[in-house]
Every structure is written in C-alpha cells, then in structure tokens.
Number of protein chains: 2
Amino acid sequence: MTGLSTSETFSSGTAEEEAYLYVLKAIRTGRLAPGTRLIPEDIAGEIGMSRMPVREAFRRLSTEGLVLIRTNRGCVVAGLSVEEIYEVFEMRSVLEGLAVRLATPRLDGDDFAELERLLARMQRGDQASDDWVTPHREFHEYLCSFSRRPKLIRQIARLHAAIEPYLRIWFHHAEKPVSADEDHRVILEALRTGDAARAESVIERHILDTAPALAAVVGETRQ
Amino acid sequence: MTGLSTSETFSSGTAEEEAYLYVLKAIRTGRLAPGTRLIPEDIAGEIGMSRMPVREAFRRLSTEGLVLIRTNRGCVVAGLSVEEIYEVFEMRSVLEGLAVRLATPRLDGDDFAELERLLARMQRGDQASDDWVTPHREFHEYLCSFSRRPKLIRQIARLHAAIEPYLRIWFHHAEKPVSADEDHRVILEALRTGDAARAESVIERHILDTAPALAAVVGETRQ
DNA sequence: CTCTGGATAAGTGGATACACAAATCCAAAC
DNA sequence: GTTTGGATTTGTGTATCCACTTATCCAGAG
C-alpha cells in the first residue's frame, strides 16, 4: 500500500481511477520523466478508454503537484527544481516529525520487529529487484501509519511521491545511500525509548539531512 | 489574495477555473454547508457552462479535501469530524511553525506595521462587514508569505480553507474569540525578537490552543 | 544560409449524447 | 400501518463531437 491509492475518492472501478493509478505509477517509478509531455489521447489509448477520464486524472495529479497543466498547452510531468526539492523535504520533516511524535506511544514490540524487517530488506536492496526505494518508503509509511491521522498520512505520501523519482536517480547514481542506514537505526533506537519529542527531532533531522545529498545528485545530472 | 487561487494550474479564463473559484468561495464562506449535495448540472447552470468543467473543479476540490466524491453517488461538501478538526490543526501547527521559522529573519519594520494593521482590523471586526475571519486569515497568510516557500504556503492555505467554515460558525456563535487577540500580540512580540525557534513554538502553541475551543463549538452545534 | 510568416497539423477546452447506476416513489402484500 | 418490490426519475461516468488555440512545417524573402 502506498497511501496514495486511498485518495479522497474511494478507489473503485472507474476509468478515472484507473488512469490516475496508471499515470501515478509511471511517474513514481520514473518511467515518465519530469518534463515529459502527457497527451491525454495517447494515454487513453494505452489503457483503452477515452480521454475524458484521463483529463480528470490529470487534474488530480496536478493538485497533488505531480503534473503541471498549462491552459491550452497541455500537461507535463512536473519536475522539481533544487529549491523545490529542499522545500518538499522541509515540509516532510515537520509532517513526519508530527506523525512520529504521535506514533511513538503506540508502538509495541511486534511493531519494532516489523520495522527491523523493513530495515533489513532495505539494506540488502531487497530480493533481486534492486530496489532500495520501495522498502525505504514502506519503512516510513509503516511508522507514520501509527499516528492514526489519515489526512496527515496521505499528505506525507503525496510529498513522498513527488520526490520518489529523484530518490531512484540517487539510488542508481551513487550506490545505496549508506548513511541513511545508520540514520534509521538511530530512529529506531529513539522510538524504543518512547521519548516522543526526541523521536520527532531525530526524524526531522534525518529527513533534512537527506535533502542536500539528493539535491547535489539532481543538480549534477542537470548540467 | 487567498493563496488558493494561485493553484498549480495558472489561473486564467478557463471554465474549470471559474467553477473552481465559484464553489471554493461558496464553501469557504459557508454558503454551501458541509453535507450539501453538489449537483454538477445545477452549478453549471448557475454560472453558465456545461457540467464537464464543473466536474473537473470537483476533482480538484476533492483532492484538496473540501469535497467528497463517491463513485456514482455524487459530490458533497466535506464536513470535518471533531477528530478531523484536531488533525487539521495539528498539521497547520507544524506547517505554519515551519513557515514562521523561515519567515522570522526576513521581517522588517514595515512588515510589522502591516501585521499590526491587520491585527487592528481583526480586533474591530473590520468595517461593518462583521468579519473577523478574513483579517485573521490575512494575518496568518501575510506572515507565512515571508517564508518564500510556494508549496508550503499553498498547503497551509488549503488546510485553512477546510476549517474556515467552522471558524465562521465559531465567530457567530461565541462573540469574537478574544483570547486569540492576546495570542497574536504574543506572536508579534516573539517575531520582533528575531528568535526563529521561539517564534515557531509560539505559533505552534497558538494554533493548537485554538483547536479545542473550535471543536467544542462544532461538537455542540451537532447535537 | 537564416529569418519570417502563413498554411497545416496537432491538441486542448468545452458541450452534447448516451448508457448505466442509484435514489425515489408508489402500489400491492402482509 | 408497515414492508416489499418494481417502475420511474434523477444523476453519474464516459464517449464523441466541435470550435478554437498552439505548435509544426515549409516556402519565399532577405
């Protein structure tokens, strides 16, 4: 689960929903790179529907910041500038800080075990899929889910979706960001103490510290 | 300026934009109360267009949480439960905290004068319009604008739009929330010291402290 | 060769049309 | 009087169509 498929609209068999999930996945996985022009008719063709539901999916993606619609000029995948990457990380830092603060008192032994498991998957890049990003996201999402704040969780998921393509570039560019592994250990440790304020500040710091490295890689690939 | 009219889509003369702003305003001002069913055809009629652009406006509003779309069952104005009101205030507290932290070093004397002016308008309920909410929003928006973080500002505006109807109920129910006036003085004072961390925590506290009073009034009017 | 402008193609926003789902209403059965 | 089930109405989701805007391309002027 990604937290985004559960949007305000109940997911169900509508064409709009299908189009939304289809484009969302393509953007998150990087198949549709920032700047790519999205032509409703083409996408509609790919998944067998007319372009109306695709247009509506674009609206949703646009509000979520994943896509940019300019009047009469179509829809493009919304890249982030370096400043915007920092901005998204700043927002994530305080929102996930809040989520973790609320989650801390609700975690028990089994939950820590699950978090450890996700951490392990992350460290070995997971089964042959060569994917560090997915378990990383799952770690954060699993943690945030204990806040029991649906709107908060969804908002965090949206912000994550916006940076996910760049995380993948980072992962492929440098090797697996090794410093993050230590970070996550520290987070787990703080959580175990049950000190909500400390857990909050640790995760805030963790997220903010990730930003410059990511921004550097992205800035580099743009020259 | 509300911060919402400047959405991801450049505002311009499209029908969708017009429909969006029309419904947004109606919800914010309370003309369309939570739970009200929104029938695309009717709204389209009111502003002279077909229902397609109205539907697209609904999608946007839905993503912003102001409206709820259930498949094949139409669109209703999304009320907030008491828990959700708390949730929105929690999110606002950390996001506005961040915004104010970033804004603090950028404020100069003229800006304080403007903030004082907005505060004064707020205290006397503004010129006969009997409206405390608008200058209150403007105070917060003006302050946040100095953070220079477009996405952050927009997100805060969205959260504010969701609670604005309830602020109006509060304002009409009780008289002008007088405790808030003192709060805002304290905020200004903290800002003047230039201590970003202190300003951040003061505004976080201010926002969180507002929630219970509002929740109480709302819970009351629901029985 | 480069630049300009206008024809042509491509694509967007919006309106209309139609099939289907859900809600409503009403009458018959209990 | 209440309940049940089916016609009718209302409204939603999607496809198609049209008008208009923007992008592309190409020929002629410089």
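Chain identifiers are assigned alphabetically (A, B, ...) following the order of the sequence lines, protein sequences preceding nucleic acid strands; residue numbering begins at 1 within each chain.
Contact between the side-chain N/O atoms of R55(A) and the OP1/OP2 oxygens of dT12(C) is not found at any separation under 4.0 Å. Contact check, R37(B) against dT12(D): a side-chain N or O comes under 4.0 Å of OP1 or OP2.
Atom CD1 of I43(B) is separated from atom P of dG14(C) by 16 Å (rounded to the nearest Å). Between the CZ atom of R51(B) and the C1' atom of dG14(C) there is a distance of 12 Å, given to the nearest Å. The distance between atom CD1 of I47(B) and atom C1' of dA15(C), rounded to the nearest whole Å, is 14 Å. Distance CZ (F58(B)) to P (dT12(D)): 8 Å, rounded to an integer number of Å. For the pair R60(A) CZ and dG13(D) P, the computed distance is 12 Å after rounding to whole Å. We find that CG of L38(A) is positioned 13 Å from P of dG13(C), with the value rounded to whole Å. Atoms CD1 (I69(A)) and P (dG13(C)) sit 7 Å apart, rounded to a whole Å. In this structure, CD of E41(B) is placed 13 Å from C1' of dC18(C), rounded to the nearest angstrom.
Residue E41(B) qualifies as open at atom CD: its count of foreign heavy atoms under 6.0 Å is 12 or below.
Here dG11(D) is the nucleotide among dG14(C), dG11(D), dT14(D) with the atom lying nearest to any side-chain atom of I39(B). Which of dG13(C), dT16(C), dG14(C) sits closest to the side chain of M52(B) comes down to dT16(C). For N72(B), whose side chain is taken as the heavy atoms from C-beta onward, the closest listed nucleotide among dA17(C), dA21(C), dG13(C) is dA21(C).
In the interface, the side chain of R73(A) is not paired with the base of dG11(C) through any donor and acceptor atom under 3.5 Å apart.
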Verdict with reasoning, R60(A) to E56(A), per salt bridge (charged side-chain N to carboxylate O under 4.0 Å, His left out) = CA-CA 7 Å; R60(A) 232 160 110 185; E56(A) 297 190 355; over 6 Å; no

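Taking the side chain as every heavy atom from C-beta outward, R55(A) and R55(B) never approach each other to under 4.5 Å.
Comment: R149(B) does not engage E87(A) in a salt bridge, judged by the lack of any side-chain N to carboxylate O separation of less than 4.0 angstrom.
A cation-pi geometry, defined here as NZ or CZ lying under 6.0 Å from the six-membered ring centre and within 45° of its normal, holds between R31(A) and Y22(A).
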